[in-house]
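Each remark here refers to the structure printed beneath this line.
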Amino acid sequence: MRPGLLLSCLVLLLSSGCRKPPPLRVPVPSVTPRVRLGFQPPVGRVLTESQQASRAVEQDGQVLREEAELTTESRFATSEGGWLLTQSVTRAQRTRAGVAVEGWVDDVLLRFVLRLQLAADGAFVKLVSPESASEALRQSVPAGADAKALERFLAPEALEARTRREWEAKFGGLFQRHLSEGQRTWAVDTLPLGDTQVAYVLERTLQGTRDTEYGDAVVLSLKCLDSVPEDAPQELTDAWVAAGRPELTAGVTCEGEQVVAYGRFVPVSRELTVKARVGPAAWTVTMQSRAQALQEETP
């Protein structure tokens, strides 16, 4: 320290009576970092994902386990001022009680191509050519097979409603906004369990960010609500009303995690385990997805 500066500091110290400066009366507010999750899909690339679903049904001391594994390829293109998402299944495999299940249902999945029209901000607009699923079913079902349940499942209106709900449950309310750690968003989701469909509010809480091979990503914890509290945030109530005020299933619980890259949109991973009781049966359903590769589209 230069002598002049040392003297100046000494003068200031003496003039204050050698007392420490009083503490600030107004605390400095802490700033919670915010993340903006935009929607810039990887146009011109092929996103390969693994999809897994398993369910265990326990009743009368017996447990039946079924599993399904899919490999999907997704492609984005600009369309109608927004985006067209095209998704196809390249591999399908099912097991029941640990034994591989072969059948024409897998052929339906391999023939069917799902096309979603999305708005510029990533909002679901419509399902393009939803009747193509019924056509794939007609081409695959063998003579004499009972396909009524699958016909209802793949009917155009039912397929569009379910696809919209699944997209909203995964991404609704996340895009084109700033999110802070601890912030919650909500979406209504349903899950078919046997002949019954359970409904719940999926609550997503931002836990922070994570570096992934697809870039920086937000990390969301997932859980289920089986009712709308009287003091619920307005956004939660709005989500329930927008879904048609469905009756929520008492006792349904779930937990999981979702990771979404936000520089360039990539659904890095998602896992959700749902537990519910339907009559005398206790159901446990786990759904997992994980990005496997993002490669340049070949001509």
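One-based numbering along the sequence shown. Values below: all heavy atoms of this structure, side chains included; hydrogens, waters and symmetry mates excluded.
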Distance-only polar pair, side chains of Glu135 and Gln139, donor-acceptor under 3.5 Å: yes
Going through the checks in order, is the side chain to side chain contact (heavy atoms under 4.5 Å, CB included) test met by Leu202 and Leu272? CA-CA 10 Å; Leu202 186 65; Leu272 181 67; 4.2 Å; yes
Would you say the side chain of Thr86 lies within less than 4.5 Å of the side chain of Leu114, judging by non-hydrogen atoms? no
Contacts of Lys126 that satisfy salt bridge (charged side-chain N to carboxylate O under 4.0 Å, His left out) - sequence neighbours left out: none
Please report the closest heavy-atom contact between Asp106 and Val101, naming both atoms and the distance. OD2-O, 4.0 Å
Count I, L, V, M, F, W, Y as connected when their side-chain heavy atoms are under 4.5 Å apart, and connections chain through other members. Are Val57 and Met287 then in the same cluster? yes
Side chain to side chain contact (heavy atoms under 4.5 Å, CB included) between Leu294 and Val266, intermediate numbers included: CA-CA 9 Å; Leu294 183 64; Val266 176; 4.0 Å; yes
Quick one, Gln87 with Arg115, criterion side-chain hydrogen bond (donor to acceptor under 3.5 Å, both in side chains). Give me CA distance, side-chain angles, the key distance, then yes/no. CA-CA 6 Å; Gln87 187 176 81; Arg115 295 181 177 89; over 6 Å; no
Verify, without hydrogens or angle tests, whether Asp107 (side chain) and Leu109 (backbone) share a donor-acceptor contact under 3.5 angstrom. no
Any side-chain heavy-atom pair from Gln258 and Val260 closer than 4.5 angstrom? yes
Test salt bridge (Lys or Arg N to Asp or Glu O under 4.0 Å) on Glu235 and Arg177 and set out the steps. CA-CA 14 Å; Glu235 188 175 351; Arg177 63 185 295 185; 3.1 Å; yes
Hey, does the side chain of Asp121 reach the backbone of Ala123 with a donor-acceptor pair shorter than 3.5 angstrom? yes
Test log, rule side chain to side chain contact (heavy atoms under 4.5 Å, CB included), inputs Arg165 and Asp189: CA-CA 6 Å; Arg165 187 172 57 249; Asp189 199 6; 3.9 Å; yes
Output the distance between atom CZ (Phe124) and atom CZ (Arg164), rounded to the nearest 0.5 Å. 5.0 Å
Does a side chain donor of either Glu49 or Ser289 reach within less than 3.5 Å of an acceptor in the other side chain? no
Verify side-chain hydrogen bond (donor to acceptor under 3.5 Å, both in side chains) between Ser79 and Gln117, making sure each step is shown before the conclusion. CA-CA 8 Å; Ser79 173; Gln117 180 67 49; 3.1 Å; yes
Examine Val89 and Val113 and state if one hydrophobic cluster contains both, with Ile, Leu, Val, Met, Phe, Trp and Tyr joined whenever side-chain heavy atoms are less than 4.5 Å apart. no
Taking Trp83 for its side chain and Ala120 for its backbone only, find out whether a donor-acceptor pair lies under 3.5 Å. yes
Under a 4.0 Å N-O cut-off, is there an ion pair linking Glu73 with Arg75? yes
May I ask you to check whether over 12 heavy atoms, not counting those of Glu257, lie within 6.0 Å of atom CD? yes
Under 3.5 Å, is there a donor on one side chain and an acceptor on the other for Ser140 and Arg111? yes
Using a cut-off of 6.0 Å, state whether more than 12 heavy atoms not belonging to Arg36 lie near its atom CZ. yes
Interatomic distance, Leu137 atom CG to Trp104 atom CH2 [nearest 0.5 angstrom]: 5.5 Å
Flag yes if Trp283 and Leu222 sit in one hydrophobic cluster, no otherwise; membership is Ile, Leu, Val, Met, Phe, Trp, Tyr, and two members link when side-chain heavy atoms are under 4.5 Å apart. yes
Asp211 (side chain) donor-acceptor with Asp216 (main chain) under 3.5 angstrom: no
Indicate whether any N or O donor in one side chain lies under 3.5 Å from an N or O acceptor in the other, for Glu271 and Thr286. no
Membership question, hydrophobic clusters at under 4.5 Å side-chain separation (ILVMFWY): are Leu206 and Phe171 in the same one? yes
Over 12 foreign heavy atoms within 6.0 Å of CD, Glu131: yes
Tightest non-hydrogen contact, residues Cys224 and Thr253, listed as CB-C, 4.0 Å
If hydrophobic clusters are built by linking Ile, Leu, Val, Met, Phe, Trp and Tyr wherever their side-chain heavy atoms come under 4.5 Å apart, do Trp167 and Tyr262 end up in the same one? yes
With a cut-off of under 6.0 Å to the ring centre and 45° to the axis, is Arg162 in cation-pi contact with Phe153? yes
Restricting to non-hydrogen atoms, name the atom on Ala92 and the atom on Leu70 that form the minimum distance, rounded to 0.1 Å. CB-CD2, 3.5 Å
Within 6.0 angstrom of Arg96 CZ, more than 12 heavy atoms from elsewhere: no
More than 12 foreign heavy atoms under 6.0 Å from CZ of Arg45: is that the case here? yes
Sole residue of Gln292, Gln93, Arg91 in side-chain hydrogen bond (donor to acceptor under 3.5 Å, both in side chains) with Thr71: Arg91
What's the separation between atom CG in Leu236 and atom CG in Leu225, rounded to the nearest 0.5 Å? 6.0 Å
OH-SG distance between Tyr200 and Cys254, expressed to the nearest 0.5 angstrom: 6.0 Å
Please round to the nearest 0.5 Å and tell me the distance separating atom CH2 of Trp240 and atom CZ of Arg245. 5.0 Å
Do Phe175 and Phe265 have ring centroids that are under 6.0 Å from one another? yes
CZ (Arg277) and OG1 (Thr196) are apart, to the nearest 0.5 Å, by 13.0 Å
Can you list the steps and then say if Arg184 with Glu203 is a salt bridge (Lys or Arg N to Asp or Glu O under 4.0 Å)? CA-CA 7 Å; Arg184 297 172 294 169; Glu203 181 177 88; 3.5 Å; yes
